[in-house]
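The structure's right below; bear with me while I get my questions together.
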Protein chains: 2
Amino acid sequence: MDIKRKDVHNSDTPVLCQACESRHRGVCGALTSDQLLQLSKHSSRRAVEPGTELIGESTQIKNYSNIISGVVKLSKMMADGRQQIVGLQFAPDFLGRPFRKENGVTAEAATEVKVCSFPKTVIERMIGEMPELEHKLLEQTLDELDEARNWMLTLGRKTAGEKVASYLLLIATHAFPENETDTAEFELPMSRMDIADFLGLTMETVSRQFTKLRADGVIRITNNRHVVIPEITRLSDRAGF
Amino acid sequence: MDIKRKDVHNSDTPVLCQACESRHRGVCGALTSDQLLQLSKHSSRRAVEPGTELIGESTQIKNYSNIISGVVKLSKMMADGRQQIVGLQFAPDFLGRPFRKENGVTAEAATEVKVCSFPKTVIERMIGEMPELEHKLLEQTLDELDEARNWMLTLGRKTAGEKVASYLLLIATHAFPENETDTAEFELPMSRMDIADFLGLTMETVSRQFTKLRADGVIRITNNRHVVIPEITRLSDRAGF
DNA sequence: CGACGCCTTGAACGATGTCAACGTGCGTGG
DNA sequence: CCACGCACGTTGACATCGTTCAAGGCGTCG
């Protein structure tokens with residue numbers, strides 16, 4: 001088939017990697033089939049439950065991972081327990097901070113998450129040998145920086161209503177890119193409490209804003225998690241764009 | 001002198017670069033003296049006034065720069081004029097987004113700023129030839145991402161008092177690294193309005209928090225800009241650490 | 001059925017924003 | 001040299017938004 005012919009070295013691709021998005025849009029796209037094979041020998045897949053801590057705030061990092069599916073939340077906590085989610089990661093993002101002993105954030109599975117992990121040492125050696133790999137990492141890091149700065153605007157200057165609308169738009173576009181551009185329907189990957197920690201609000205305020213959006217017909221909600229957005233433009237208007 | 005002997009190829013270093021911090025801590029540290037010479041042929045230094053726009057939010061980038069001295073603020077603005085400063089950059093940071101046509105933020109001189117600029121094309125070619133250069137950029141980008149995420153915690157979860165204390169600590173450590181660890185004295189590089197835009201507050205609230213810190217003896221202020229911090233630990237306590 | 005987790009709703013409170021007046025330093029022009 | 005205007009910062013009074021605390025709803029699982 002034509003599609004397969006375009007996929008260079010498809011026959012050499014390790015079985016584990018054949019259906020993996022990281023090979024196309026993620027960091028593994030920078031690797032030759034030889035290197036992919038070498039890496040796959042050291043890599044292991046696993047699925048984890050929501051709530052599982054993948055990386056601790058000040059624990060040493062031994063493994064790096066590619067996210068195969070699911071949503072991972074990156075958070076920071078203050079001494080008195082106040083918490084802020086500082087980023088969300090989706091497939092096929094790379095998880096872990098190269099060249100850093102500590103990483104300053106906790107990574108926790110928000111949904112069920114499938115990851116493909118490999119030892120720090122193997123990846124760091126490959127980075128040294130493969131400038132293309134480092135380039136991919138730089139690209140992803142630049143994207144994450146853009147996202148972080150966008151979110152700083154949301155945290156610092158938007159009202160509660162705008163924050164909740166911005167969150168829904170973020171999830172609609174990032175976690176479910178298969179949605180159309182004018183309408184969307186999906187399961188929220190996070191609890192009200194998580195959303196509050198992401199938006200710098202309380203659970204109650206988030207709940208009230210959901211209620212208001214529902215009352216105004218901008219969204220429909222069933223089972224607390226299932227969201228339908230009939231017209232995305234109406235939601236964008238509420239997000240401050 | 002011993003100091004000079006340690007500086008490899010010192011004699012070949014272009015005159016323009018000899019006293020430049022970017023050659024040590026910044027991206028130019030990744031270059032050989034040959035490359036430095038080549039780059040310096042295309043580079044130009046200039047000093048700009050506070051308020052000068054160095055990069056526009058959606059303007060094409062033609063130049064990259066190293067910051068030689070001064071403070072640059074990166075900001076975002078909403079359609080209705082609400083503004084948020086999403087990052088500060090100091091010498092010897094690299095200014096500009098490689099591999100991005102647009103960059104989504106406005107860069108503006110907060111103080112008088114000296115920069116060393118070179119054409120986008122020259123730098124991007126060098127990145128392709130020099131993995132070390134790309135590595136430096138990745139390192140800086142990772143640092144900026146850490147900073148951004150730290151600030152997200154500040155924006156989302158800290159009180160006005162904690163935000164202002166956090167700001168003072170940030171300036172004391174980043175803009176004036178020569179300060180001692182237990183005491184500090186410096187000129188604030190930004191107006192009350194800028195500080196408010198960085199902290200997600202109003203000018204009035206920032207002013208009141210300054211007044212309170214002064215009343216409590218945590219800081220002393222003269223001429224609105226000159227700040228003395230007698231005991232940095234007392235300020236840290238106020239910042240939520 | 002009851003208990004539990006998660007979410008929603010209500011009422012009162014408090015931190016921060018808004019609006020307006022005033023202060024201070026500085027440059028400018030009479 | 002003084003008077004004035006202007007930019008910037010401070011302070012006060014009041015309004016508002018989001019938080020806090022408390023009660024109750026709803027679905028799930030034992």
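The shown structure was predicted, so the numbers you read here are calculated from the model rather than taken from an experiment. Residue numbers start from 1 in every chain, and the chains themselves are labelled A, B, ... in the order their sequence lines are given, proteins ahead of strands.
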Taking the side chain of Arg192(A) as heavy atoms from C-beta outward, which of dC7(C), dC19(C), dG17(C) is closest to it?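 Shortest atom-to-atom distance from the side chain points to dC7(C).
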
Is there a side-chain contact between Thr205(A) and the phosphate of dG18(D), meaning an N or O under 4.0 Å from OP1 or OP2?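 For dG18(D), neither OP1 nor OP2 has a side-chain N or O of Thr205(A) closer than 4.0 Å.
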
From the options dC7(C), dT16(C), dT18(C), select the nucleotide whose nearest atom is closest to the side chain of Leu201(B).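 From the listed options, dT16(C) comes nearest.
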
What is the separation between atom CD1 on Ile221(B) and atom C1' on dT24(C), rounded to the nearest whole Å?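 Whole-Å distance recorded here is 15 Å.
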
Let me know, please, whether Val206(A) or Thr159(B) comes out on the 5' side of the other along DNA chain C by nearest nucleotide.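 Whichever sits nearer the 5' end wins; that is Val206(A).
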
Side-chain N or O of Arg208(A) versus OP1/OP2 of dG18(D): is the shortest distance under 4.0 Å?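 No.
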
Short question: side chain of Trp151(A), backbone of Phe198(A) - any donor-acceptor pair under 3.5 Å?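 It does hold such a pair.
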
Atom-pair distance (CD1 on Ile195(B); P on dT10(D)), nearest Å: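 Rounded to the whole Å, the gap is 9 Å.
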
Please report, rounded to the nearest Å, how far the C1' atom of dT16(D) is from the CD atom of Glu204(B).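 Value for this atom pair: 15 Å.
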
Shortest side-chain distance from Thr202(A), nucleotide among dT19(D), dC19(C), dT10(D):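 Per side-chain heavy atoms of Thr202(A), the pick is dT19(D).
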
Tell me: CZ of Phe210(A) to P of dT9(C), nearest whole Å?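 Atom CZ in Phe210(A) sits about 13 Å away from atom P in dT9(C).
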
Does Lys158(A) qualify as a cation-pi partner of Phe241(A), given the criterion of NZ or CZ under 6.0 Å from the six-membered ring centre and within 45 degrees of its axis?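 Yes - Lys158(A) lies over the ring of Phe241(A), closer than 6.0 Å to its centre and within 45° of its axis.
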
As a test of reading the structure: which of dT19(D), dC7(C), dT9(C) is closest to the side chain of Arg214(A), going by heavy atoms?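 Among dT19(D), dC7(C), dT9(C), the one nearest the side chain of Arg214(A) is dT9(C).
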
Return the value, rounded to whole Å, for the distance between atom CG of Asp194(B) and atom C1' of dC8(D).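 Whole-Å distance recorded here is 12 Å.
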
Mapping Gly161(A) and Asn223(A) to their closest nucleotides on DNA chain D, which lands nearer the 5' end?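 The residue whose closest nucleotide sits nearer the 5' end is Gly161(A).
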
Nearest-Å distance for atom pair CE/C1', residues Met190(B) and dC8(D):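 Distance, rounded to whole Å: 15 Å.
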
By the 4.0 Å heavy-atom rule, please label Thr211(A) as base, sugar-phosphate, or nothing.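 It contacts sugar-phosphate atoms only.
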
Using the six-membered ring wherever Trp is involved, compare the ring planes of Tyr64(B) and Phe94(B) and label them parallel, tilted or perpendicular (cut-offs 30° and 60°).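 Rings of Tyr64(B) and Phe94(B): tilted, 30 to 60°.
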
Under the 3.5 angstrom rule, does the side chain of Ser207(B) hit a backbone N or O of Met203(B) as a donor-acceptor pair?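 No: the side chain of Ser207(B) does not pair with the backbone of Met203(B).
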
Find the distance Met193(B):CE to dA7(D):C1' and express it as a whole number of Å.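 From Met193(B) CE to dA7(D) C1': 14 Å.
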
When the distance from NZ of Lys212(B) to P of dG9(D) is rounded to whole Å, what number comes out?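 One finds 20 Å between P of dG9(D) and NZ of Lys212(B), rounded.
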
Testing the basics here: between Phe118(A) and Ser43(A), what is the closest heavy-atom pair and its distance to 0.1 Å?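 So the two residues come closest at CD2-CB, 3.6 Å.
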
Select one nucleotide: of dC7(C), dT11(D), dT16(C), the one nearest the side-chain heavy atoms of Gln209(B).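 Closest nucleotide among those given: dT16(C).
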
